[in-house]
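Nothing here was measured: the structure is a model prediction, and the numbers come from that model. Convention: sequence-line order gives letters A, B, ...; per-chain numbering from 1.
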There are 2 protein chains.
Amino acid sequence: MSDIANRLRTELGVDVVPLDVPERNHHDWSGLPPVSPLALVRACSTEQVAIALRLCHETETPVVPQGGLTGISGGAHPVAGAVVLSLERMNRVLAFDAQMATLTVEAGCVLQTAQEAAQDGGLMLAVDLGARGSCTIGGVIATNAGGNQVLRYGMAREHVLGLEVVLADGTVLNSMNNMIKNNAGLDLKQLFIGTEGLMGIITKAVMRLQPRPSHSATAFCGCTDTAAAVAFLKRARADLGPALISFEVMWPSFYDLMRAGINAKHPLSEPHGVYVVIEAGGFDDNLRGQFENCLGVALEEGALNDAVIAASVREERELWAVREAVAEYGHILGPLTAFDVGLPLESIAEAVSRLEAEIAERWPGARALSYGHMGDSNLHLVVNVPQAGTDQPASALKTLVYGIVRDLGGTISAEHGIGAVKRDYLGYSRTEAEIDTMRRLKFTLDPRGILNPGKGFAP
Amino acid sequence: MSDIANRLRTELGVDVVPLDVPERNHHDWSGLPPVSPLALVRACSTEQVAIALRLCHETETPVVPQGGLTGISGGAHPVAGAVVLSLERMNRVLAFDAQMATLTVEAGCVLQTAQEAAQDGGLMLAVDLGARGSCTIGGVIATNAGGNQVLRYGMAREHVLGLEVVLADGTVLNSMNNMIKNNAGLDLKQLFIGTEGLMGIITKAVMRLQPRPSHSATAFCGCTDTAAAVAFLKRARADLGPALISFEVMWPSFYDLMRAGINAKHPLSEPHGVYVVIEAGGFDDNLRGQFENCLGVALEEGALNDAVIAASVREERELWAVREAVAEYGHILGPLTAFDVGLPLESIAEAVSRLEAEIAERWPGARALSYGHMGDSNLHLVVNVPQAGTDQPASALKTLVYGIVRDLGGTISAEHGIGAVKRDYLGYSRTEAEIDTMRRLKFTLDPRGILNPGKGFAP
């Protein structure tokens, strides 16, 4: 038993610092090999987080923050010799304010719990991800998570009004603003959003809520090719404005395999070059008419070949089924390497064809599935090389994929962060001056480098 | 002639560093007494900005950045012994991208020029302020400016996708991202938005554009009191969703005096406790019906007493006339002290009545005019003490106003920044730990403290 574990246990008690670290805290969802941490702190309060960090700062002990452990970039994956600091017990909804349209929560609050609290109050927390039932608000903010509604509501960053953060040395930074406008100096919360715990540990947040749309409409569409899908997106933005909630694209590489894999019905009678799931939400009885008009114009313009509009909630779910089947990758594909990149729209067609072609050339028989949030210029790609078994060529794949992304002016991380998995490739998307500046700012807040070392932009 | 002026002139030429500093660069719009700077640099390129900063960094010469000089908090006001760095010549629109819906501009580009470039491309730059014809994008970003559409489109921060910035030592930081999603490490641009040049000098920006609403509706409304106006806001948010563009409130203290001052017609037949200008914008033919329904429900609920809906663009302008008459303060009020504070909605009624009552008690005969962007919980207050003439009791007024704002959990700056004018009051809205953290971060990027000393959170 390490000295730091004993000291933490003495200060915080055996309930907070258990004698054994459960296996579930040895890894996150990134697929990296499990690591047994020095100790686990299951903090119940900001004060306990501050005590733990102060002690780790004094002893220069690395700290890895953990929430719902659903991240796939390894941001919450333990590193050797580190204390793991779990926020899962700080899971309360603290306040709902209908007038200000805000929800105040502890960092370990599960996203779905927060969504439900907002809904109970007649409003909506418009951050939404597949992992909603287990990911925590702290993790959502620390990774600046995206999802299927970013086009309309923005990334997690745009939903955060205030934060409470504990800095590396245990200082509590209370910036629990609840106003849309607050220009009193540097907006410190921005430093902690999307930085994966490298700058401080988020303990509480004030989230901005939205009115709930009263009407919705969903369609599954077929387009000739990527260029047509981009033209359709442009049409939908112009005609639907903020009623455009989601614009999700699937290339046949993804759609055909996943549809067969989950045994879903094809909503259209013929195959197409690109499939789009488009969803609109609005506050007016005429939403569906507006939606149908928009699709009609896109058909006339040739941006669309065919479309089916859902007539019921059940049909809406059916139209989304293949796009939402990503949890089935394991069964359908086996071992895989997953990518989350951003690309300017004018390069997406080229990116998809180059990526799929170069992977097929290098690894004949490889399955490279392309899909993504085209409205946010966010492309997902998952690759399985059947002949490689459990020893997928992740490193060579990353070099190939991120190289193409770099050439096309994209980013190696659109919405999943950098973590441990992408850290060696940060220079593909950021300049030396940028990375140096990030590191100098981190050094200012965490001079001993205890927070999540080896992740993201940490040295 | 100072040594630094000569050195700058030798490096950059007399066209960039003129022999005399024009009077217009001796002050901004804050009303602070003019200060003659050591030298003026009228940079034409990022490279010239970098050269000037490198030299000032080497010689520890203070630098005050200037754009359109329209700020009222003194962020661009010269300080003694400083070089003034004007970005006004870097005024080009560099690129319009219809697919990505972005506009790339130099920092000195006038807001209206950028708005027009977006409009020419069929899109909209949705940052808008009264000073649009002279304020520059760099200043808009550096102050995280607000305006009348924040409720719908957010502060300047939410319109910025990428920045190019020159750091104090002349390092050029190129973060010209043009994607909605980019999670490759710390989002450095956030450090420069709203920090009034304290962290670096913005030289270029990628702005996010919006689709242009095809329909609009505007009404002028009367409510019994502030609580009723808050109830009306809640109704409008729920029923209009993102079609709610502006929700501007004027209390009689403002409305009656300003209406008489500009000799405008009262749109309603009787006086009311609070006046609201509400504007909606949408993408559907039915917008006006939706708007009328919303007002009808608010009338039934008692949130509204009376309302008139504009039937033409001319009538829209008339309904906005008094709210937009703020440039007439000088003629109508004479010398004044202006406030821009944020308050949680539940405290706005109390704030307005306490502020107006305490000012009247302390300065009998004083005119305290209340109005603001209620949808953003942003209250404006302008005060004129007639008997004080040109020697308005600004300091005593600030202590009184900011004291009440602090008591009610508000912020001393909603949208106008801190600058020189509010710097002594930053501690009213930020904790010691917050201000200390801001200063440490500034020290990291500007170790010699040359950027805008004495402003905002600078020591």
Side-chain angles (χ1 to χ4, degrees), chain A residues 99-100 144 146 150 155 158 171 173-175 178-188 190-191 194-195 211 213 230 234 237-243 282-284 286 290 342 344-346 376-378 411-418 426 429-431 433-434 437-438 440-441 444 456-457, chain B residues 99-100 144 146 150 155 158 171 173-175 178-188 190-191 194-195 211 213 230 234 237-243 282-284 286 290 342 344-346 376-378 411-418 426 429-431 433-434 437-438 440-441 444 456-457:
Chain A
Q99 271 185 0
M100 294 299 278
N144 190 24
V150 170
M155 303 288 283
E158 294 178 58
T171 302
L173 208 58
N174 176 358
S175 295
N178 69 343
M179 292 171 285
I180 294 175
K181 286 176 170 173
N182 190 344
N183 269 339
L186 178 58
D187 190 11
L188 289 169
Q190 306 293 347
L191 288 153
T195 50
V230 171
K234 207 173 153 192
R237 281 197 303 226
D239 288 4
L240 299 175
F283 294 76
D284 186 75
N286 195 37
Q290 188 188 0
L345 276 175
E346 76 262 20
D376 321 319
S377 40
N378 182 183
T411 174
I412 63 160
S413 177
E415 60 176 8
H416 291 170
I418 299 296
L426 188 56
S429 294
R430 296 294 190 194
T431 64
E434 286 180 295
T437 305
M438 292 178 200
R440 290 197 292 137
L441 292 165
T444 304
F457 53 89
Chain B
Q99 272 185 358
M100 295 298 279
N144 189 23
V150 170
M155 302 288 283
E158 293 177 60
T171 303
L173 209 58
N174 176 357
S175 295
N178 69 344
M179 293 171 284
I180 294 174
K181 285 176 170 173
N182 190 345
N183 269 340
L186 178 58
D187 190 11
L188 289 169
Q190 306 294 346
L191 288 153
T195 50
V230 171
K234 207 173 153 191
R237 281 197 303 226
D239 288 4
L240 299 175
F283 293 76
D284 186 74
N286 196 37
Q290 189 188 0
L345 277 175
E346 76 261 18
D376 320 318
S377 40
N378 181 184
T411 174
I412 63 159
S413 177
E415 61 177 6
H416 290 168
I418 298 295
L426 188 57
S429 294
R430 297 294 189 194
T431 64
E434 286 180 295
T437 305
M438 292 179 201
R440 288 195 295 137
L441 293 165
T444 303
F457 54 88

Hey, does [Y] have a side-chain heavy atom less than 4.5 Å from the side chain of [X]?
X: B:Leu186; Y: A:Thr437; answer: no
X: B:Lys181; Y: A:Ser377; answer: no
X: B:Glu434; Y: A:Leu188; answer: yes

Best-contacting candidate, A:Thr431, A:Asp376, A:Ile180, A:Val230, against chain B by heavy atom pairs under 4.5 angstrom: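 With the most close heavy-atom pairs to chain B, the winner is A:Asp376.
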Only one of A:Asp284, A:Leu240, A:Asp239 forms a side-chain contact (heavy atoms from CB on, under 4.5 Å) with B:Asp284, so which one is it?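 Per the side-chain contact (heavy atoms from CB on, under 4.5 Å) rule, the option paired with B:Asp284 is A:Asp284, out of A:Asp284, A:Leu240, A:Asp239.
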Distance-only, no hydrogens or angles: does the [X] side chain make a donor-acceptor pair with backbone N or O of [Y] under 3.5 Å?
X: B:Arg440; Y: A:Thr444; answer: yes
X: A:Arg237; Y: B:Pro211; answer: no
X: A:Asn183; Y: B:Asn144; answer: yes

Using non-hydrogen atoms and a 4.5 Å limit, figure out which bit of [X] sits close to chain A: side chain, backbone, both or neither.
X: B:Glu158; value: side chain
X: B:Leu345; value: both
X: B:Thr195; value: side chain
X: B:Ala238; value: backbone
X: B:Leu426; value: side chain
X: B:Met438; value: both

Identify the two heavy atoms, one from A:Ala184 and one from B:Ile418, that lie closest to each other, and give their separation to 0.1 Å.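 Between these two residues, the closest heavy atoms are CA-CD1, 3.7 Å.
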Between B:Ala433 and A:Thr171, which heavy-atom pair has the shortest distance, and what is it?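 Result for this residue pair: CB-CG2, 4.1 Å.
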In sequence, state the C-alpha distance, the side-chain angles, and the governing distance for B:Thr411 and A:Asn182, and then conclude on side-chain hydrogen bond (donor to acceptor under 3.5 Å, both in side chains). CA-CA 6 Å; B:Thr411 174; A:Asn182 190 344; 2.7 Å; yes
